[in-house]
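Worth saying up front: this structure is predicted, and the values here are computed from it rather than measured. A note on names: the letters A, B, ... follow the listed sequences, proteins ahead of strands, and every chain is numbered from 1.
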Number of protein chains: 2
Amino acid sequence: MVLLENPRLQDAEQVITESIQAGRMTIIVGKCVVNYYGRAGSVLPEGERLIIIKEDGSVLVHQKDKYTPVNYQPTGCNVQCIIKGDSLAIMSQRKRPKEVLHAFFSSIQCIASFELLDDENITLVGSERDLALQIFQQPDMIEKGLKITEIEKAVSSGEIDLFGEDCEGKLVIIELKRKKVGLESVSQLKRYTDEIRGAYGNRAVRGMLCAPALTKNAMRLLQADGLEFIEIKPSIMTFKNGTMGAGKQ
Amino acid sequence: MVLLENPRLQDAEQVITESIQAGRMTIIVGKCVVNYYGRAGSVLPEGERLIIIKEDGSVLVHQKDKYTPVNYQPTGCNVQCIIKGDSLAIMSQRKRPKEVLHAFFSSIQCIASFELLDDENITLVGSERDLALQIFQQPDMIEKGLKITEIEKAVSSGEIDLFGEDCEGKLVIIELKRKKVGLESVSQLKRYTDEIRGAYGNRAVRGMLCAPALTKNAMRLLQADGLEFIEIKPSIMTFKNGTMGAGKQ
DNA sequence: CAATAGATGTCGTTC
DNA sequence: GAACGACGTCTATTG
């Protein structure tokens, strides 16, 4: 751990450069201008921000509020720190797509350089994938007699979440969502049913949108398209009395 | 600026609590377990991470790599810091939706508390909005004789990016994208053209997907649906010799 | 508050 | 690397 408070820019340059080269995480708090050019372009006039440089080359520029960084570079960038004139420049670039982010610090409140030992991965419960597996195990929760034969069935118009047939032998296409859905999901399901109807011309095809809820316009569109809405409870409900509480409480 | 290196948890508790209450940004680097429950649920076993607490209640838990925080709370949460047993707990909650994030620190490498003076907003160029305005000004860049009458025209199946008519009096619906598009955008355009055809039964309707490129399957679907692809250069190209370079270089 | 769609989306997965 | 879709997406905008 290296901590510097109100460092001179020359000292900052050395510490930051060492930190980057050592693959440590680097934090800079200070007054800066940030320019970006690549898929889009941006200018952020001078103000105080927090910048985080990670070992994988990702760079985050955070303002005082918001979840989202105001400027950033994603994983895989090359980051450098040099003195340019009377400011300290953090320059990050990537090749594909060609993108550059430049931050110019006129003053620095604080620098921290440290290593994060962490071999653990997050376990997340309640994703759409969990829901799909649950339905695959117990298709009766959707409809009695339903058989699921494929998960993530790849077709040319996309990937069908769940594919199978009902008790009458009609093909069933399920588009699954873990939260309230809008028009987009109806379109998605429509794409799949259209294609499958074309491919299995002789078979009846049912399209089911399985979600906790859907918007009014989405319901109208769904019905106009001859599709079905199946209300499902998000699987996280069953998690409530489950794994949560692991770790110290 | 308050900086603590390897603080005792009791000292950390006091500094963090003061920092949160004063509306300052708070950074904690240390070994922690993180649990989350809300729209989904997650458990992150013990490891070293960086946690950022912002004045608006947003909380970011960052691991050593990746652009994205491994755990978080968005804007508008209530954050508290207390000692629980032999660990220091950061607890963040929100009401709608009901969500909680708990981080339990067993040791802390460093704490920083500071204020970020920043009245500036980012100016971003090259968004879809910019492109839409450009086309609205010069519809000929899409097709000679094209007239755009509405931007973001709200219909029941969504919002049409650009709406107008061509030199032959056919209605034109444009779906605009700033980057290469896939199936989803074709579906989006199809939704709009279907609705407009229904609403203006006596008028010919053309659907145009304007984008730099589209995937092979998207092209097939587009053609099957009787829609058109118009290749456009992303407007950021024109920015290259423009505003970039503001600020110090 | 609901609805809708964009984002420098990022990320994982599969081909 | 391209394609496809999920994401605890978040965020802005509009009704």
Side-chain angles (χ1 to χ4, degrees), chain A residues 36-42 58-59 61 65-77 94 96-101 122 124-132 152 154-161 175-185 188 191 213-218 234 236 239, chain B residues 36-42 58 60 65-76 94 96-101 122 124-132 152 154-161 175-185 188 191 213-218 234 236 239:
Chain A
Y36 153 75
Y37 177 75
R39 288 165 291 176
S42 71
S58 48
V59 179
V61 182
D65 55 13
K66 295 290 163 63
Y67 160 85
T68 316
V70 62
N71 269 132
Y72 64 91
Q73 290 277 52
T75 298
C77 291
R94 64 196 293 219
R96 271 179 78 87
K98 176 95 168 66
E99 281 188 309
V100 296
L101 181 143
I122 193 171
L124 193 134
V125 183
S127 66
E128 188 189 295
R129 181 72 188 166
D130 290 335
L131 198 48
E152 290 294 317
V155 294
S156 72
S157 62
E159 290 153 34
I160 298 172
D161 281 339
E175 175 56 33
L176 200 59
K177 289 285 184 258
R178 61 185 301 287
K179 61 174 191 175
K180 186 174 188 174
V181 296
L183 299 158
E184 183 183 294
S185 299
Q188 200 179 347
R191 243 167 40 220
L214 77 175
T215 66
K216 197 169 288 187
N217 283 335
I236 184 63
F239 177 64
Chain B
Y36 153 76
Y37 177 75
R39 288 166 291 176
S42 70
S58 47
L60 310 173
D65 54 14
K66 297 289 162 63
Y67 160 84
T68 316
V70 62
N71 269 131
Y72 62 90
Q73 290 279 51
T75 298
R94 64 196 292 220
R96 271 177 77 85
K98 176 96 168 65
E99 282 187 308
V100 296
L101 180 141
I122 192 170
L124 192 134
V125 184
S127 66
E128 187 189 295
R129 182 71 188 167
D130 290 335
L131 197 49
E152 290 294 317
V155 295
S156 71
S157 62
E159 290 154 34
I160 297 171
D161 281 339
E175 175 56 35
L176 200 59
K177 289 287 184 256
R178 59 184 304 286
K179 62 173 191 174
K180 185 173 188 174
V181 297
L183 299 159
E184 184 183 292
S185 299
Q188 201 180 346
R191 248 174 27 227
L214 79 173
T215 66
K216 197 169 289 185
N217 282 336
I236 183 66
F239 176 65

Who passes side chain to side chain donor-acceptor pair (under 3.5 Å) against [X], sequence neighbours left out?
X         : result
Ser185(B) : none
Arg129(A) : none
Asn71(A)  : Ser42(A)
Glu128(A) : none

Describe the nucleic acid contact of [X] in one word from base, sugar-phosphate, nothing, applying a heavy-atom distance below 4.0 Å.
X         : result
Ser185(A) : nothing
Gly38(B)  : nothing
Ile160(A) : nothing

Using a cut-off of strictly less than 4.0 Å, decide whether [X] has a side-chain nitrogen or oxygen near OP1 or OP2 of [N].
X         : N      : value
Gln188(A) : dA6(D) : yes
Arg96(A)  : dA2(D) : yes
Arg94(B)  : dG8(D) : no
Arg39(A)  : dA7(C) : no

Legend entry - Nearest-nucleotide pick for Asp161(B), side chain only, options being dA2(C), dA3(C), dG6(C): dG6(C)

Inset, instruction - Among dT8(C), dA6(D), dA2(D), find the nucleotide with the atom closest to the side chain of Lys180(B). - result: dA2(D)

Legend entry - Gln73(B) (side chain) and dG8(D) (base): donor-acceptor pair under 3.5 Å: yes

Legend entry - Base of dT4(C) paired with side chain of Asn217(A) (donor-acceptor, under 3.5 Å): no

Atom pairs under 3.5 Å: protein N/O with N/O of nucleotides 11-15 of chain C:
from    : atom 1 : to       : atom 2 : distance (Å)
dC11(C) : OP1    : Tyr67(B) : N      : 2.8
dC11(C) : OP1    : Thr68(B) : N      : 3.4
dC11(C) : OP1    : Thr68(B) : OG1    : 3.4
dG12(C) : OP1    : Lys66(B) : NZ     : 3.4

Legend entry - Atom pair distance, as rounded to whole Å: NZ in Lys179(B) and P in dA5(C): 17 Å

Inset, instruction - Report the residues that fulfil salt bridge (Lys or Arg N to Asp or Glu O under 4.0 Å) with Glu99(A), sequence neighbours left out, ordered by chain and then residue number. - result: Arg39(A), Arg94(A)

